[in-house]
*Asks:* 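Can you read through this structure? Questions will come right after.
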Amino acid sequence: MNLFAYFHDKIAAEIAALGFDLDTSRMSVEPPRDPAHGDVSANAAMVLAKGAGMKPREFAEKLRPRLARLDHVIVAEVAGPGFINLKLDNAFWYARLGEILRAGPAYGDSTAGQGRTVNVEYVSANPTGPMHVGHGRGAVVGDALAALLHKMGHVVVREYYVNDAGAQVDALARSVHLRYRQALGETVGEIPDGLYLGDYLIETGAVLARRDGKKWLGCPESEWLAPVRDFAIEEMLALIRADLDLLGIAFDVFSSERRLVRAGAIEQAIAELEQQGLIYIGTLEPPKGMLPEDWEPRPQTLFRSTAFGDDVDRPIKKADGSWTYFAADIAYHWDKHKRGFADMIDVWGADHGGYVKRMQAVVNALTHGKATIDVKLCQLVNLSDGGQPVRMSKRAGNFVTLRDVVERVGKDVVRFVMLTRRNDQTLDFDFAKVVEQSKDNPVFYVQYAHARARSVMRLAAQHFGANEIDAATLSRGPLDLLADADEIALVRQLAQWPRTVEGAAQMHEPHRIAFYLHEVAASFHALWNKGNADPGLRFVVESKRDLTRARLALVQAMAFVVASGLKVIGVTPAEELR
RNA sequence: GCGCCCAUAGCUCAGAGGAUUAGAGCAGCCGCCUUCUAAGCGGCAGGUCGUUGGUUCGAGUCCAACUGGGCGCGCCA
């Protein structure tokens with residue numbers, strides 16, 4: 001249960017019961033910034049007083065006595081310009097604790113998404129080589145976002161768009177053909193400009209040589225290009241899938257650009273736009289201040305994206321008459337919508353930022369405003385090792401790959417660290433730091449809290465029968481023995497989890513989960529240490545079995561919430577850290 | 001030149017238009033292990049929320065301009 005949504009409904013009902021017919025959707029019910037102000041804070045009076053023809057404080061005073069009589073409310077106060085703050089009794093928090101224990105790691109699951117379909121497209125790295133660390137960030141952000149939306153009750157499809165139709169896969173084919181000739185004993189010398197240099201293609205060329213022998217030697221490119229390209233793309237996708245697998249990421253759908261092109265999807269999409277009068281032939285102004293060397297005015301086929309707030313209209317055909325990448329992307333996003341997605345989320349690298357407006361324009365036009373598209377731009381990842389920057393020379397083909405990083409520090413560390421910044425902030429990733437076992441390291445810190453909780457449960461198992469301390473039994477236990485203010489505060493914090501999930505899902509901000517978990521872990525570590533100072537506050541007090549079981553309930557609930565959050569992030573909760 | 005993103009403590013960053021007192025972590029200083037993992041915790045100190053205006057009963061949060069940084073800017077994807 002999202003307790004704030006619960007009180008929102010209760011308060012709305014009381015407003016209706018007072019005889020007001022007001023739109024309560026603008027009313028927010030939230031935790032007050034200062035806990036001293038209570039547990040729940042509503043701005044109802046400020047938002048609604050005008051419609052009721054009253055002053056905010058007057059409205060609040062009228063509502064206050066009714067809210068004071070609600071179940072579990074011990075105090076209702078009017079504060080400041082007209083906030084109504086509610087303080088809740090401990091019984092309310094004991095009920096939440098029981099709820100967490102019954103739900104387990106499913107706590108926080110919501111039906112708020114109402115089964116509405118969401119397509120999350122992420123990674124979509126060109127199938128020309130192994131993934132690098134920047135791709136890894138997008139992969140984690142997209143995957144966690146998908147998990148979050150799923151937890152919210154959305155039907156989520158995780159999708160990878162394979163750019164297998166452009167010039168870069170031809171360059172790939174030529175590069176592989178070169179390595180293939182090399183594998184068959186030819187001396188190829190310097191790799192020509194425009195081809196891929198990476199050593200990983202040596203193996204790909206050798207595999208092709210083993211499979212097809214000398215079949216592609218001595219014949220014109222027109223004969224070998226297509227088959228070698230198909231082979232190379234398959235090989236590269238296999239490479240990428242293996243990299244993703246290391247991170248525990250699997251996609252539901254791989255969408256092929258080439259297939260769309262072949263099916264005539266571009267022509268169809270452009271025809272639709274044409275029908276709306278959004279396609280025309282025109283000449284673009286040169287970009288000011290940054291003039292390309294060979295600039296000359298040229299009439300082009302353009303999409304009128306300025307009609308939807310873009311800065312200039314965008315070309316959909318190249319000079320040679322072939323479609324631009326943008327044209328294919330138009331078809332692709334229309335295809336997504338036609339496959340039944342009302343909402344689309346694309347996770348891109350920040351270098352694609354200039355592309356966002358035109359994509360939104362297209363989706364807007366093609367779906368007549370019925371579909372939404374949100375683009376999450378991920379900023380750069382700066383790799384370093386003990387403070388020294390790690391060079392990532394892609395040109396030399398020996399750059400640090402995602403695989404290198406995951407193999408060195410582990411999947412869990414990579415996934416968590418990628419979410420310790422908002423997606424639009426650059427992220428520093430230091431090898432030495434992220435494997436450090438200290439409170440410097442948020443991954444470790446959160447894992448340590450979970451491991452500590454499991455350790456307590458293991459210890460407790462020595463004093464209790466297993467059936468006395470399972471979650472279901474603990475949930476029925478005498479929870480009202482929890483009386484320490486910090487214990488109640490932890491329950492209160494755990495009870496914020498459903499709201500945290502809903503907020504992060506609505507805002508498409510998975511990093512909030514990582515920050516929330518860090519806060520929960522901090523509270524738990526603090527509580528643990530109170531047991532060091534005062535043995536009476538330790539979780540396991542052998543002489544007081546009922547009190548111990550009440551505290552074990554709290555410990556177990558904390559572990560469940562952490563596990564629930566780590567599941568969204570895709571990190572395995574640690575049973576112990578040794 | 002134009003567009004997008006960013007600017008919060010010495011450093012790295014959170015912050016869902018709300019109320020006196022803007023929060024974490026690191027770094028600094030002072031404390032806490034005969035005790036479930038001290039791989040941790042408590043305390044002190046540290047801020048004109050880049051600048052200037054505007055909207056509002058109320059702005060770190062919304063709007064505008066400016067300053068500084070990142071990314072991008074027809075026939076790459």
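Each chain gets a letter, A, B and so on, in the order its sequence line appears, and its residues count up from 1.
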*Asks:* Would you indicate what A/Ala526 reaches in the nucleic acid, counting non-hydrogen atoms under 4.0 angstrom: base, sugar-phosphate, or nothing?
*Replies:*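 Sugar-phosphate contact only.
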*Asks:* Dot-bracket, RNA chain B: Watson-Crick or G-U, under 3.5 angstrom, [ ] crossing, | other strand?
*Replies:* (((((((..((((.........)))).(((((.......))))).....(((((.......))))))))))))....
*Asks:* Does the side chain of A/Asp374 pick up a donor-acceptor pair with the side chain of A/His508 at under 3.5 Å?
*Replies:* yes
*Asks:* Let me know which of A/Tyr122, A/Phe254, A/Tyr332 forms a ring pair (Phe, Tyr, Trp, His ring centres under 6.0 Å) with A/Tyr160.
*Replies:* A/Phe254
*Asks:* Reckon A/Trp348 has a side-chain N or O less than 4.0 Å from the OP1 or OP2 of B/rC71?
*Replies:*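 For B/rC71, OP1/OP2 do not have a side-chain N/O of A/Trp348 under 4.0 Å.
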*Asks:* Side chain of A/Glu576 only, heavy atoms from C-beta on: which candidate in B/rA77, B/rU37, B/rA16 is closest?
*Replies:* B/rU37
*Asks:* Taking A/Arg64 first and then A/Glu77, would you say they form a salt bridge - that is, a charged N and a carboxylate O separated by under 4.0 Å?
*Replies:* no
*Asks:* Atom CZ of residue position A/Arg545 - does it have more than 12 heavy atoms of other residues, nucleotides or ligands inside 6.0 Å?
*Replies:*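 For A/Arg545, atom CZ is crowded (more than 12 foreign heavy atoms under 6.0 Å).
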*Asks:* Pull up the glycosidic torsion of B/rC33 and say syn or anti, syn being anything within 90° of 0.
*Replies:* syn
*Asks:* With a 4.0 Å cutoff (strictly under), does any side-chain N or O of A/Arg458 reach OP1 or OP2 of B/rU37?
*Replies:*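 No, because none of the side-chain N or O atoms of A/Arg458 sits under 4.0 Å from OP1 or OP2 of B/rU37.
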*Asks:* Give A/Tyr355 one of three labels, base, sugar-phosphate or nothing, depending on what nucleic acid heavy atoms sit under 4.0 Å from its own.
*Replies:* base
*Asks:* Run the side-chain donor-acceptor check on residues 424-432 of chain A: report pairs under 3.5 Å with partners two or more places apart or on a different chain.
*Replies:*
from, atom 1, to, atom 2, distance (Å)
A/Asp424, OD1, A/Arg422, NH1, 3.3
A/Asp428, OD1, A/Asn382, ND2, 3.3
A/Asp430, OD1, A/Gly386, N, 2.9
A/Asp430, OD1, A/Ala432, N, 3.0
A/Asp430, OD1, A/Lys433, N, 3.2
A/Asp430, OD2, A/Ser384, OG, 2.8
A/Asp430, OD2, A/Gly386, N, 3.2
A/Asp430, OD2, A/Gly387, N, 2.8

*Asks:* Round to the nearest Å and state the distance from A/Phe303 atom CZ to B/rG74 atom C1'.
*Replies:*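 The distance from CZ of A/Phe303 to C1' of B/rG74 comes to 16 Å, rounded to the nearest Å.
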*Asks:* Using whole Å, what does the distance between atom P of nucleotide B/rC36 and atom CG of A/Asp534 come to?
*Replies:* 15 Å
*Asks:* Please tabulate the protein-to-nucleotide N/O contacts below 3.5 Å involving nucleotides 63-68 of chain B, giving atom names and distances.
*Replies:*
none

*Asks:* Please classify the nucleic acid contact of A/Gln168 as base, sugar-phosphate, or nothing, using heavy-atom distances under 4.0 Å.
*Replies:* sugar-phosphate
*Asks:* For residues 504-532 of chain A, which residue pairs qualify under salt bridge (charged side-chain N to carboxylate O under 4.0 Å, His left out), counting only residues two or more places apart or in two chains?
*Replies:*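 Sorted pair list: A/Asp484-A/Lys530, A/Asp486-A/Lys530, A/Glu509-A/Arg512.
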*Asks:* Could you check whether A/Lys530 gets within reach of a base, just the sugar-phosphate, or nothing at all, counting any heavy atom under 4.0 Å?
*Replies:*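 No contact.
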*Asks:* Strictly under 3.5 Å: I want the nitrogen or oxygen pairs between protein and nucleotides 57-61 of chain B, one per line.
*Replies:*
from, atom 1, to, atom 2, distance (Å)
B/rG60, O6, A/Arg33, NH2, 2.5

*Asks:* Which part of the nucleic acid, if any, lies within reach of A/Gly531 when heavy atoms closer than 4.0 Å are counted: base, sugar-phosphate only, or nothing?
*Replies:* base
*Asks:* Does a side-chain N-to-carboxylate-O contact under 4.0 Å join A/Lys357 and A/Asp311?
*Replies:*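 Looking at A/Lys357 and A/Asp311, the cut-off is met.
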*Asks:* May I ask you to say what A/Asn85 touches in the nucleic acid, namely base, sugar-phosphate or nothing, with a heavy-atom cut-off under 4.0 Å?
*Replies:* base
*Asks:* So, under a plain 3.5 Å distance rule, would you say the side chain of A/His525 forms a donor-acceptor pair with the base of B/rU37?
*Replies:*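 No such pair is found, so the answer is no.
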*Asks:* Remember a base hit wins even if backbone is also touched, and classify A/Gln447 as base, sugar-phosphate or nothing at under 4.0 Å, heavy atoms.
*Replies:*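 No contact.
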*Asks:* Do nucleotides 7-14 of chain B as a string where each nucleotide becomes B, S or -: B if the base has a protein heavy atom under 4.0 Å, S if just the sugar-phosphate does, - if no protein is that close.
*Replies:* S----SSS
*Asks:* Considering only NZ, NE, NH1 and NH2 on the basic side and carboxylate oxygens on the acidic side, decide whether A/Glu121 and A/Lys336 come within less than 4.0 Å.
*Replies:* yes
*Asks:* Applying a 4.0 Å non-hydrogen cut-off, can you work out what A/Gly353 is touching in the nucleic acid: base, sugar-phosphate, or nothing?
*Replies:*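 Answer is nothing: A/Gly353 stays at 4.0 Å or more from every strand.
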*Asks:* So does A/Asn43 reach the base of B/rA19 with its side chain, donor to acceptor, closer than 3.5 Å?
*Replies:*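 No.
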*Asks:* Quick one: the side chain of A/Asn529 and the base of B/rG40, do they pair up donor-acceptor inside 3.5 Å?
*Replies:*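 A donor-acceptor contact between them is present.
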*Asks:* Is A/Arg298 side chain donor-acceptor paired with the B/rC75 base, going by distance under 3.5 Å alone?
*Replies:*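 Yes, a donor-acceptor pair under 3.5 Å.
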